[in-house]
Amino acid sequence: MKALKTLVSILCVCSLCSCTPTQENKADDGKNAVIETIMTRRSVRKYQPQAVNRDTMQTIMECGINAPNAINRQAWEVRIVDNPEVIKKLTDLYLKDNPKEAENPNFKNMFRNAPTVAFIANDTTFAYSPVDCGLMAENMILSAWSMGIGSVCLGGPARFMKSNPEANAYLKEMGFSENYDLLLCIGFGYPAETPKAKPRDAAKVKFMD
Ligand SMILES: Cc1cc2nc3c(=O)[nH]c(=O)nc-3n(C[C@H](O)[C@H](O)[C@H](O)COP(=O)(O)O)c2cc1C
(Lines give C-alpha, C1' and ligand atoms only; values in the text may rest on other atoms or scores of the structure.)
Protein backbone atom coordinates (compact mmCIF):
# COMPACT_ATOMS: atom_id res chain seq x y z
CA MET A 1 0.00 0.00 0.00
CA LYS A 2 2.84 2.35 0.98
CA ALA A 3 4.60 1.59 -2.31
CA LEU A 4 1.39 2.35 -4.20
CA LYS A 5 1.03 5.73 -2.41
CA THR A 6 4.66 6.58 -3.22
CA LEU A 7 4.11 5.68 -6.88
CA VAL A 8 0.97 7.86 -7.06
CA SER A 9 2.90 10.77 -5.46
CA ILE A 10 5.74 10.42 -7.98
CA LEU A 11 3.27 10.31 -10.87
CA CYS A 12 1.50 13.46 -9.58
CA VAL A 13 4.80 15.37 -9.29
CA CYS A 14 5.83 14.21 -12.77
CA SER A 15 2.55 15.30 -14.34
CA LEU A 16 2.80 18.70 -12.60
CA CYS A 17 6.31 19.14 -13.96
CA SER A 18 5.19 18.33 -17.47
CA CYS A 19 2.47 21.02 -17.30
CA THR A 20 4.71 23.72 -15.92
CA PRO A 21 7.41 24.64 -18.40
CA THR A 22 10.68 25.35 -16.61
CA GLN A 23 12.61 26.31 -19.72
CA GLU A 24 11.63 27.76 -23.06
CA ASN A 25 10.88 25.44 -25.92
CA LYS A 26 13.15 26.60 -28.68
CA ALA A 27 11.35 27.03 -31.98
CA ASP A 28 14.40 26.93 -34.19
CA ASP A 29 13.83 23.38 -35.38
CA GLY A 30 10.98 24.76 -37.54
CA LYS A 31 8.44 22.43 -35.95
CA ASN A 32 6.53 24.82 -33.72
CA ALA A 33 2.93 24.57 -34.97
CA VAL A 34 1.85 27.96 -33.60
CA ILE A 35 4.77 29.78 -35.19
CA GLU A 36 4.17 27.91 -38.43
CA THR A 37 0.50 29.00 -38.39
CA ILE A 38 1.38 32.63 -37.68
CA MET A 39 4.08 32.82 -40.32
CA THR A 40 2.10 31.13 -43.11
CA ARG A 41 -1.21 32.98 -42.60
CA ARG A 42 -2.09 35.59 -45.21
CA SER A 43 -5.25 37.53 -45.94
CA VAL A 44 -7.27 35.53 -48.44
CA ARG A 45 -9.54 37.32 -50.91
CA LYS A 46 -10.51 34.46 -53.22
CA TYR A 47 -12.62 31.62 -51.82
CA GLN A 48 -14.47 28.51 -52.80
CA PRO A 49 -18.21 29.22 -52.84
CA GLN A 50 -19.34 27.08 -49.90
CA ALA A 51 -19.69 28.55 -46.40
CA VAL A 52 -17.45 27.27 -43.62
CA ASN A 53 -18.85 24.26 -41.81
CA ARG A 54 -20.66 25.54 -38.70
CA ASP A 55 -18.90 23.08 -36.36
CA THR A 56 -15.61 24.49 -37.56
CA MET A 57 -16.89 28.04 -37.04
CA GLN A 58 -17.91 26.98 -33.53
CA THR A 59 -14.33 25.88 -32.83
CA ILE A 60 -13.03 29.15 -34.28
CA MET A 61 -15.35 31.09 -31.96
CA GLU A 62 -14.30 29.01 -28.92
CA CYS A 63 -10.74 30.06 -29.71
CA GLY A 64 -11.90 33.66 -30.17
CA ILE A 65 -13.57 33.98 -26.79
CA ASN A 66 -10.58 32.42 -25.07
CA ALA A 67 -8.42 35.39 -26.05
CA PRO A 68 -6.93 37.52 -23.29
CA ASN A 69 -9.24 40.42 -22.51
CA ALA A 70 -9.24 43.28 -20.02
CA ILE A 71 -10.45 42.22 -16.56
CA ASN A 72 -12.20 39.29 -18.26
CA ARG A 73 -15.07 41.62 -19.14
CA GLN A 74 -15.26 39.97 -22.58
CA ALA A 75 -16.28 43.30 -24.05
CA TRP A 76 -17.20 41.95 -27.45
CA GLU A 77 -20.25 40.70 -29.31
CA VAL A 78 -20.17 38.62 -32.47
CA ARG A 79 -22.71 37.73 -35.14
CA ILE A 80 -21.87 35.15 -37.79
CA VAL A 81 -23.61 35.30 -41.15
CA ASP A 82 -23.34 32.50 -43.71
CA ASN A 83 -26.67 33.07 -45.43
CA PRO A 84 -25.79 33.84 -49.07
CA GLU A 85 -28.98 35.89 -49.50
CA VAL A 86 -28.02 38.31 -46.74
CA ILE A 87 -24.49 38.63 -48.10
CA LYS A 88 -25.89 39.26 -51.58
CA LYS A 89 -28.40 41.90 -50.41
CA LEU A 90 -25.67 43.79 -48.56
CA THR A 91 -23.39 43.49 -51.58
CA ASP A 92 -26.11 44.84 -53.90
CA LEU A 93 -26.34 47.92 -51.67
CA TYR A 94 -22.57 48.24 -51.66
CA LEU A 95 -22.44 48.03 -55.47
CA LYS A 96 -24.99 50.85 -55.78
CA ASP A 97 -22.41 53.11 -54.10
CA ASN A 98 -19.34 51.43 -55.64
CA PRO A 99 -20.39 50.33 -59.14
CA LYS A 100 -16.80 50.03 -60.40
CA GLU A 101 -16.18 47.08 -58.08
CA ALA A 102 -18.50 44.92 -60.22
CA GLU A 103 -16.10 45.32 -63.16
CA ASN A 104 -13.54 43.17 -61.34
CA PRO A 105 -14.06 39.63 -62.72
CA ASN A 106 -13.03 38.17 -59.35
CA PHE A 107 -15.63 40.18 -57.44
CA LYS A 108 -18.17 37.96 -55.69
CA ASN A 109 -19.20 39.98 -52.66
CA MET A 110 -18.32 43.04 -50.59
CA PHE A 111 -16.60 40.93 -47.91
CA ARG A 112 -13.65 40.28 -50.19
CA ASN A 113 -15.62 37.34 -51.57
CA ALA A 114 -15.77 35.38 -48.29
CA PRO A 115 -18.89 33.18 -47.93
CA THR A 116 -18.95 33.35 -44.10
CA VAL A 117 -18.61 36.64 -42.25
CA ALA A 118 -18.15 37.36 -38.54
CA PHE A 119 -19.29 40.82 -37.41
CA ILE A 120 -17.51 41.97 -34.25
CA ALA A 121 -18.83 44.85 -32.16
CA ASN A 122 -17.06 46.63 -29.33
CA ASP A 123 -18.39 48.22 -26.16
CA THR A 124 -18.03 51.97 -26.74
CA THR A 125 -18.11 52.65 -22.97
CA PHE A 126 -15.01 50.56 -22.25
CA ALA A 127 -11.65 51.86 -23.46
CA TYR A 128 -10.02 48.44 -23.79
CA SER A 129 -12.87 46.90 -25.74
CA PRO A 130 -11.33 47.52 -29.20
CA VAL A 131 -8.15 45.83 -27.94
CA ASP A 132 -10.17 42.88 -26.67
CA CYS A 133 -11.95 42.62 -30.03
CA GLY A 134 -8.64 42.73 -31.89
CA LEU A 135 -7.17 39.96 -29.76
CA MET A 136 -10.31 37.89 -30.23
CA ALA A 137 -10.14 38.48 -33.97
CA GLU A 138 -6.56 37.28 -34.16
CA ASN A 139 -7.37 34.12 -32.19
CA MET A 140 -10.19 33.46 -34.66
CA ILE A 141 -8.00 34.13 -37.69
CA LEU A 142 -5.10 31.98 -36.51
CA SER A 143 -7.22 29.06 -35.29
CA ALA A 144 -9.05 29.17 -38.63
CA TRP A 145 -5.79 29.06 -40.57
CA SER A 146 -4.53 26.16 -38.45
CA MET A 147 -7.55 24.21 -39.74
CA GLY A 148 -7.07 25.25 -43.38
CA ILE A 149 -9.68 28.03 -43.29
CA GLY A 150 -8.65 31.30 -44.91
CA SER A 151 -9.77 34.69 -43.65
CA VAL A 152 -9.53 38.41 -44.14
CA CYS A 153 -9.96 41.08 -41.49
CA LEU A 154 -12.11 43.92 -42.87
CA GLY A 155 -12.63 47.49 -41.76
CA GLY A 156 -14.17 48.79 -45.00
CA PRO A 157 -17.45 46.82 -44.90
CA ALA A 158 -17.99 47.80 -41.25
CA ARG A 159 -17.63 51.48 -42.17
CA PHE A 160 -20.02 51.01 -45.11
CA MET A 161 -22.67 49.27 -43.00
CA LYS A 162 -22.60 52.08 -40.46
CA SER A 163 -22.80 54.88 -43.02
CA ASN A 164 -25.30 53.50 -45.56
CA PRO A 165 -28.85 53.79 -44.15
CA GLU A 166 -30.19 50.70 -45.94
CA ALA A 167 -27.22 48.57 -44.91
CA ASN A 168 -27.61 49.97 -41.42
CA ALA A 169 -31.00 48.27 -41.24
CA TYR A 170 -29.20 44.89 -41.49
CA LEU A 171 -26.86 45.99 -38.75
CA LYS A 172 -29.84 46.81 -36.53
CA GLU A 173 -31.25 43.33 -37.23
CA MET A 174 -28.06 41.85 -35.81
CA GLY A 175 -29.26 43.13 -32.44
CA PHE A 176 -26.01 44.18 -30.83
CA SER A 177 -26.50 45.43 -27.27
CA GLU A 178 -26.83 49.12 -26.44
CA ASN A 179 -23.45 50.89 -26.53
CA TYR A 180 -22.02 48.26 -28.85
CA ASP A 181 -20.71 49.45 -32.20
CA LEU A 182 -19.62 47.36 -35.19
CA LEU A 183 -15.80 47.52 -35.20
CA LEU A 184 -14.72 45.04 -37.86
CA CYS A 185 -15.76 42.10 -39.97
CA ILE A 186 -13.81 38.96 -40.66
CA GLY A 187 -14.47 37.02 -43.84
CA PHE A 188 -13.86 33.26 -43.66
CA GLY A 189 -13.87 30.53 -46.26
CA TYR A 190 -12.04 27.70 -47.94
CA PRO A 191 -9.18 29.43 -49.78
CA ALA A 192 -8.96 29.55 -53.57
CA GLU A 193 -5.63 31.40 -53.62
CA THR A 194 -2.32 31.32 -51.74
CA PRO A 195 -1.17 34.93 -51.38
CA LYS A 196 2.49 35.74 -50.80
CA ALA A 197 3.63 37.45 -47.61
CA LYS A 198 3.76 41.23 -47.73
CA PRO A 199 7.03 42.68 -46.43
CA ARG A 200 7.24 43.60 -42.75
CA ASP A 201 9.46 46.27 -41.23
CA ALA A 202 11.51 44.60 -38.51
CA ALA A 203 13.19 47.97 -37.73
CA LYS A 204 10.01 49.02 -35.91
CA VAL A 205 11.04 46.67 -33.08
CA LYS A 206 13.97 47.58 -30.85
CA PHE A 207 15.36 45.87 -27.79
CA MET A 208 16.27 48.37 -25.07
CA ASP A 209 19.41 47.65 -23.01
C1 LIG B 1 -8.12 46.41 -38.79
C2 LIG B 1 -7.92 45.87 -40.19
C3 LIG B 1 -8.72 46.32 -41.23
C4 LIG B 1 -8.56 45.80 -42.51
N5 LIG B 1 -9.42 46.20 -43.49
C6 LIG B 1 -9.31 45.66 -44.72
C7 LIG B 1 -10.25 46.01 -45.74
O8 LIG B 1 -11.17 46.80 -45.53
N9 LIG B 1 -10.10 45.43 -46.97
C10 LIG B 1 -9.10 44.53 -47.23
O11 LIG B 1 -9.04 44.03 -48.36
N12 LIG B 1 -8.21 44.16 -46.27
C13 LIG B 1 -8.28 44.70 -45.03
N14 LIG B 1 -7.40 44.32 -44.04
C15 LIG B 1 -6.34 43.31 -44.33
C16 LIG B 1 -4.98 43.99 -44.50
O17 LIG B 1 -4.94 44.67 -45.73
C18 LIG B 1 -3.87 42.91 -44.42
O19 LIG B 1 -3.92 42.24 -43.19
C20 LIG B 1 -2.47 43.54 -44.58
O21 LIG B 1 -2.31 44.09 -45.86
C22 LIG B 1 -1.35 42.53 -44.36
O23 LIG B 1 -1.47 41.43 -45.24
P24 LIG B 1 -1.59 39.91 -44.70
O25 LIG B 1 -2.82 39.86 -43.81
O26 LIG B 1 -1.76 39.07 -45.91
O27 LIG B 1 -0.34 39.60 -43.94
C28 LIG B 1 -7.54 44.84 -42.75
C29 LIG B 1 -6.74 44.39 -41.70
C30 LIG B 1 -6.92 44.89 -40.45
C31 LIG B 1 -6.07 44.36 -39.30
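One-based numbering, in listed order, for ligands and for the atoms of each. Everything quoted here is computed from the prediction, not taken from an experiment.
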Just need the protein heavy atom nearest to [atom], so name the residue and atom and give the distance.
atom	value
atom 25 (O) of ligand 1	Ser43 OG, 2.6 Å
atom 3 (C) of ligand 1	Gly155 N, 3.5 Å
atom 12 (N) of ligand 1	Arg45 NH2, 3.0 Å
atom 21 (O) of ligand 1	Lys198 NZ, 2.8 Å
atom 11 (O) of ligand 1	Arg112 NE, 2.6 Å
atom 13 (C) of ligand 1	Cys153 O, 3.0 Å

Flag if over 12 foreign heavy atoms under 6.0 Å of CE, Met147: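 Count over threshold, so yes.
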
Atom pairs and distances, donor-acceptor, side-chain atoms in residues 176-188, under 3.5 Å, two or more places apart:
residue: Ser177; atom: OG; partner: Glu77; partner atom: OE1; Å: 3.3
residue: Ser177; atom: OG; partner: Glu77; partner atom: OE2; Å: 2.6
residue: Asp181; atom: OD2; partner: Lys162; partner atom: NZ; Å: 3.2

State yes or no: are the ring centers of Phe119 and Phe111 separated by less than 6.0 Å?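 Yes, the ring centres sit under 6.0 Å apart.
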
When you measure from the heavy atoms of Glu138 to every atom of ligand 1, does any distance fall below 4.0 Å?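 No, Glu138 has no heavy atom closer than 4.0 Å to ligand 1.
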
Pick from Ala137, Gly156, Gly187, Cys185: the one approaching atom 8 (O) of ligand 1 most closely through a non-hydrogen atom: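 Result: the heavy atom closest to atom 8 (O) of ligand 1 is in Gly156.
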
Should one rank Leu183, Leu154, Leu184, Ile141 by closest heavy-atom distance to atom 9 (N) of ligand 1, which comes out on top?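 Result: the heavy atom closest to atom 9 (N) of ligand 1 is in Leu154.
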
Without swapping roles, check the side chain of Asp123 against the backbone of Ser129 for a donor-acceptor pair under 3.5 Å.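 Answer holds: no.
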
Tell me whether the NZ or CZ atom of Arg73 lies within the 45° cone about the ring axis of Tyr128 and under 6.0 Å from its centre.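 Judged by the rule, Arg73 and Tyr128 form no cation-pi pair.
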
For Arg159, which part has a heavy atom under 4.0 Å from ligand 1: side chain, backbone, both, or neither?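 None of Arg159 does.
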
